[in-house]
K.L.:
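Here it is, the structure in full.
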Amino acid sequence: MAHSVRRDAPELPDFSLLKRLARDQLIYLLEQLPGRKDLFIEADLMSPLDRIANVITLKQHDVDKLYKVEYKPIVSTSDQLCFLIRPRIKTVKWICDVVNTDKAFGRFRRYKIIFSPQKFYACENLLEEQGIFGDVTTDEWSFYLLPLDDDIISLELPEFFRDNFLEGDQRWVRTAGSALHLLHSVYGPFSKVYGIGRCSKMAYESWREQVEEGEQRARQAEIGNVFLIDRDVDLVTPLCSQVVYEGLVDDIFRIKCGCVEFGPDVTSSDKSIKVMLNSQDKVFNEIRNEHFSQVFGFLSQKARNLQTAYDKRSGMDIKQMKTFVSEELKGLKQEHRLLSLHIGASESMMKKKTKQDFQELLKTEHSLLEGFEIRECISYIEEHINRQVSMVESMRLLCLLSLTENGLLPKDYRSLKAQFLQSYGIDHLLTFSNLKQLGLLVEQQPGETLTVMESRVGKLVNDKTAGKLTDAFSSLSKKSNFRALGRRLNLVPKSDEEYDLRVPRDMAYIFSGAYIPLSCKLIEQVLERDGWTGLEEVTRMLNGHEFAVTGSNGSDARVKTDSQRIILVMFLGGCTFSEISALRFLGREKGLKFIVVTTAITNSARLLESMLDNHA
Amino acid sequence: MAFITANWNPLGEAFYRKIELYEMGWSLRDGLKECLVAAAPYGGPIALLRQPQRPSSSARPQLEIYSSSGVNMASFPWKSGPVRQLGWTVCDDLLCIQEDGTVLIYDLFGAFKRHFSMGNEVVQNQVLEAKVFHSPYGTGVAIVTGASRFTLATNIDDLKLRRLPEVPGLQGAPSCWAVLTQDRQTKVLLANGADLYILDNTSCTPVTPPGLSPQACSIVNMAVSFSYKYLALFTDSGHLWMGSANFKDKLSEVDTKVRTPPKQMVWCRRPKSQQPSVVIMWDRLLLVAGECTDTIQYTLDEESVCVAELDGVRIVGGSRHELLQEVPSACQDIFKIASMAPGALLLEAHKEYEKSSQKADEYLREIKEQSVLGEAVRQCVEAAGYEHEPETQKTLLRAASFGKCFLSNYPPEPFVSMCRDLKVLNSVRDYTVGIPLTHTQYKQMTVQVLIDRLVYRKLYPLAIEICRYLKTPEYQGVSRVLKHWACCKVQQKEEPDESIAHAVSVKLGEAAGISYSEIAARAYECGRTELAIKLLEFEPRSGEQVPLLLKMKRSQLALSKAIESGDTDLVYTVVTYLKNEMNRGDFFMTLRNQPVALSLYRQFCKHQEQDTLKDLFNQDDDHQELGNFYVKASYKEKKLEARLSLLQSAVDEYNKARNEFAAKATEEEMKLLRFQRRLDEEKGEALLGLSLQETLHALLTSNFHKQAEQLYRDFRVPDKRYWWLKLTALAEKDDWEEMEKFAKSKKSPIGYLVCCLYNLYTKPFVEVCVKQHNKYEAKKYVSKVTPEQKVKAHLAIGDLEGAAEAAIERRSEGEISTVLSRCSPTTDRALLERLNRARSTAAKK
């Protein structure tokens, strides 16, 4: 999207430093257990670890064999075992079993547990209960942040969403605070911090606390403002089908830790290929933010260009040929390889997505967002369920329906639920209970009883308790207010106008012009207004917890230095590639640069899968 | 300047001087006679244990504690057992080692702190002699018992008793002994007659000092230097041997010509000393012996005690307190009579300058000609540090300052820091404070420790003053002092909680980095729980409040503070504590009021204690969650009966929760499970655990149409769904005949459902057929499709002409375009033309 680029976009800070810090600490920790050792790595730490230190680096530091934690008895023959795990009870329990088995066999080994990014008291407590606290040494690898790309940093904590928003377990909040603290101490100080959501507020407070405990150093700030946002402020956006290239790749092939595995249907050979998807990939970098319908045209243009570049060879003399081979050919070949891969991927996606079903699915989604022909949508969903198209997709549509309609009518709620259970199994009863608790799929409440009661109670008791009560009530009646928000913030552009996807005019292009993501719109509005003034009604509908705090060097915020135009957005509970694309678009429009920090990259499938409770 | 050298005594190359530090403020009737005395190094306090005049059973010895200037700090009758030895720790605590091996620890003000024992064996054999020593590991205690065995404790704060091996041939106490720290190991050096032994953890090694004169038959006294590097031995022949403590070198041997065993012998050496020297004390005589054969002798007119210091020896007597040391070379250079050293000249120049005499210029010129003015200034500054009299210090510093004026780039730091140091030193040397530190000691000890010492003496204002004056960072300086002050303040029993809390908060309000929790902890230790809670309120970090609150059994408060802190680890700490402390009911009730703690505990139970989770829901009458719990439990159950009974419990709970939907769904699940089991038994199908839809599908594909029909009715499966299922199943089996039959037979039951269902039952047919690549079959149904969908249906089966036909018939521009896009220009030219024509006509309308 070469058009409308403001040339003066600031340079992003160098986040590879974070990787170096993490690697150095890991090596230090490994050296704390001198001698040869076997390393057991938790499955979901493997890919992040791969980004930090490869096998060779690990082997250089006396790691003998690498194993994945599989919750099975181990076969290692080493006398020293090192476990690199997330602080989860299940994993610690497994380690306890390993140690106790060794004990029973009279086998002596040295054990070391490295918790990443931090250890929890519960884990240590478990070690104590199992009587092996003295047998193992524990350490923390404060590997909070993994830079996935120039402007994406992930905490790689997919369980954050469920733990925090569903189970009410706030233990990761401090982790988020620490991550923010790390960013602050390396790239800060921040001039202004905005946020919305309960969890954001807590993370902010936790960070402030850590700042106050530590030493302050005056440095050249590399990041201007910070925006914290809870995922549950905007649940609609991640539930929509993604149609921007990068998001679509994620939806279909699942990007894992910045890396995707293209199967045989893409590579048109019989083996799959793993590809890193980031700005280093020149072809990808140019199409990642494009609407899918534009990608093919772009790719064919690119192919033609490439051909022209190759064709240059024909009229060359030997000397020119020499420089061509030494300088250009390698780059061209690389580009060629990538191009063929992305064309393959697009083809494969085309096959899936241009089908009738997908068009109808999108149409239904758009109708839901617009609040138009709801009954047709419901029967479409019904059919979807009946035909068992896909469990997660059905659930996604149900949730989208509930969120946009502020809950389902009791009659619909029951019948859809019953049909869903018949289709996909009774065990989803628990899933529904989870969805209800989170406010993703609810029954419409008769009348406004709660708000009335709330205000009455509010008058009776003093401020503080009233605040708490409101909290309690708001969690009871998690209302999405999507329609009202949509009107107020102009999220759904009028459908009668034709939307030219080649020249996007606003962030709605990421959803084919049907919807501007609420999360990104909020960020835009707050940055524009330099705070929440004028958005009181919006924040009320979003259950409040908004804040805007001027930092230590906020006084000179008016001087627009380059770093002032770098905005760090932290999504607590995950964000989608579409949202990142939208922010990149916003950045280009306003001459800003956004850095997205997220607890994990999410999409509708991941989000809903985390809600499932149908497995034993 | 002659008077300064008046008290100098030469010994070989060096001079020694004895300076009076204080006239003692105490009034001891008999001086130090019959007293057990312990004086701490670095100008520390002095403890006296005065034996009663007449040894009778009723009279108790008196324990007194004084500052170095003799100001009384504590005094009380000794009520415990007989004391063998007194000693001071590095933190200014008094150690009283009793005959039975018990060691009692008192603070500076005579308040008892704690006690420990040197081992059971000692109780029987008694302590014969004991020594308190300092090492890098802290303060240690060594004793020798009646059974001639040594026991060591290297650090009394981390007590580990080590019993050393037996010494061959030793009966009773050795003639003399000392504790050595060598190679990071603590050893005992002892003399039994003429034999010397080194005792370490494992062995007893005999040693011979090199070059000890042979006429000695017994070593009667020994002294180890402050740094444990040098050793001095005194033999019964009156010889003094000096050498290194590792017995590798001999430094010198001096014949003192005194044969009586000395009362005390200590090293008198400073860092960068010109010669090693030892001070030996007899009843009336004090003798300094060095490398040369000469000695310096002082007469003593009263009972005294020598205290070894880093850079000299302090001599504490009944009425005076003196410092004996080698004159530092800087002072020697300046003050030695007729010295022509640069410093001396500069001092002279300044003196003349003060007198407004032009001689000043001459002296200065002389220094400058040798270009040693920098050296002169340095000497004066350094010498000022070594002088005890403020007047002398001033004179020297003024001279230095004067000299500095003629230097262009002399760094100011040494001068400024010396001025500061001296100001601090003079203030602590003051009679009322009584810490006679020398500059060397002060540098060795660091400001931090000096502040600590002042704090131990409760001299808070002075400590704060010094911190401010030296601009110590608040965290290590003022705040630390204030914290100690507050800790002391909370111990004042007579003041009410309110006023103490107020006073503390007012004083500490502004200071950074104060840990109120530590102060509160101290208050709690003194039994003032209420005060502790009040103080905790001031603690800004709620995380710090929690452990103490738990200790004080204020668990509710602790829980809410932990939650406030946002640190789940803390919450969890409290929850675990509560779980162990309270009975279940109370515990659950407490959690109930704290949602954060509750959900945390639930998370834990989910992984660890499923049954507790059930109890938790029971307690809360949370039937919904209980229902969910049973459903979840049923997944894990392999046996059907158990599974059904769990589901039944779930149904009951859901009913109680008035969740009819869930109850009904669960009931249906049970019904389905029973049905599946029956079929499995009868027909050998593996249906158990499938969802309703999957069951139906399985039945239909296996040709159990009747059973499927029954399920369809029993579970009131919506018609649409059933149709879909049946069609899919038939198509999968390629049972096109049956499908055709089905389509025709069932026409009537859906017929009255009009258009919508008509649409359903045909359109899906097409799709299903296409899916199975059976275009031929699909064609049969195209005719039944509603007009709106005809084009799509034709396209789906790849019948372009049919699609074109339908589109043209319907005159829909959009549909015509769709068909157009599917046509290829080469093969379907005729069709293309027709369509284009039709489109233009449709557009006109």
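Here is the naming used below: chain letters follow the sequence lines, and residue numbers restart at 1 for every chain. Since the model is a prediction, treat every value here as computed from it, not as a measurement.
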K.L.:
If you count heavy-atom pairs within less than 4.5 Å of chain B, which of Glu205(A), Arg88(A), Lys417(A), Met202(A) leads?
P.N.:
Lys417(A)

K.L.:
Is Tyr601(B) close to chain A through its backbone or its side chain, or both, or neither, when contacts mean heavy atoms under 4.5 Å?
P.N.:
neither

K.L.:
For Phe432(A) together with Phe420(A), are the ring centres under 6.0 Å from each other?
P.N.:
yes

K.L.:
Need one label for Ser423(A): side chain, backbone, both or neither, based on atoms under 4.5 Å from any heavy atom in chain B.
P.N.:
both

K.L.:
If the condition is ring-ring contact (aromatic ring centres under 6.0 Å, His included), which residues does Phe715(B) pass it with, not counting sequence neighbours?
P.N.:
none

K.L.:
Using non-hydrogen atoms only, which part of Thr573(B) is less than 4.5 Å away from chain A: side chain, backbone, both, or neither?
P.N.:
both

K.L.:
Please state whether the side chain, the backbone, both or neither of Glu124(A) comes within less than 4.5 Å of a heavy atom of chain B.
P.N.:
neither

K.L.:
If you tally heavy-atom pairs under 4.5 Å against chain B, which of Glu167(A), Arg171(A), Glu382(A) wins?
P.N.:
Glu167(A)

K.L.:
Are the aromatic ring centres of Tyr572(B) and Phe120(A) under 6.0 angstrom apart?
P.N.:
no

K.L.:
Need one label for Lys119(A): side chain, backbone, both or neither, based on atoms under 4.5 Å from any heavy atom in chain B.
P.N.:
backbone

K.L.:
Shorter than 4.5 Å, heavy atoms on both sides: which option in Thr576(B), Asp569(B), Val631(B), Leu692(B) has the most such pairs with chain A?
P.N.:
Asp569(B)

K.L.:
Just by modelled atom types, is the Gly573(A) backbone N or O under 3.5 Å from a matching donor or acceptor in the Asn164(A) side chain?
P.N.:
no

K.L.:
Can you tell me if Lys671(B) has over 12 outside heavy atoms packed within less than 6.0 Å of its NZ?
P.N.:
yes

K.L.:
Is the backbone of Phe133(A) close enough, under 3.5 Å, to the side chain of Glu128(A) for a donor and an acceptor to pair up by distance?
P.N.:
no

K.L.:
Taking only residues two or more places apart in sequence or in another chain, which ones pass salt bridge (Lys or Arg N to Asp or Glu O under 4.0 Å) with Lys579(B)?
P.N.:
Glu609(B)

K.L.:
Let me know if Glu129(A) has heavy atoms under 4.5 Å from chain B in its side chain, its backbone, both or neither.
P.N.:
side chain

K.L.:
Below 4.5 Å from any heavy atom of chain A, which atoms of Ser634(B) appear? Answer side chain, backbone, both or neither.
P.N.:
neither

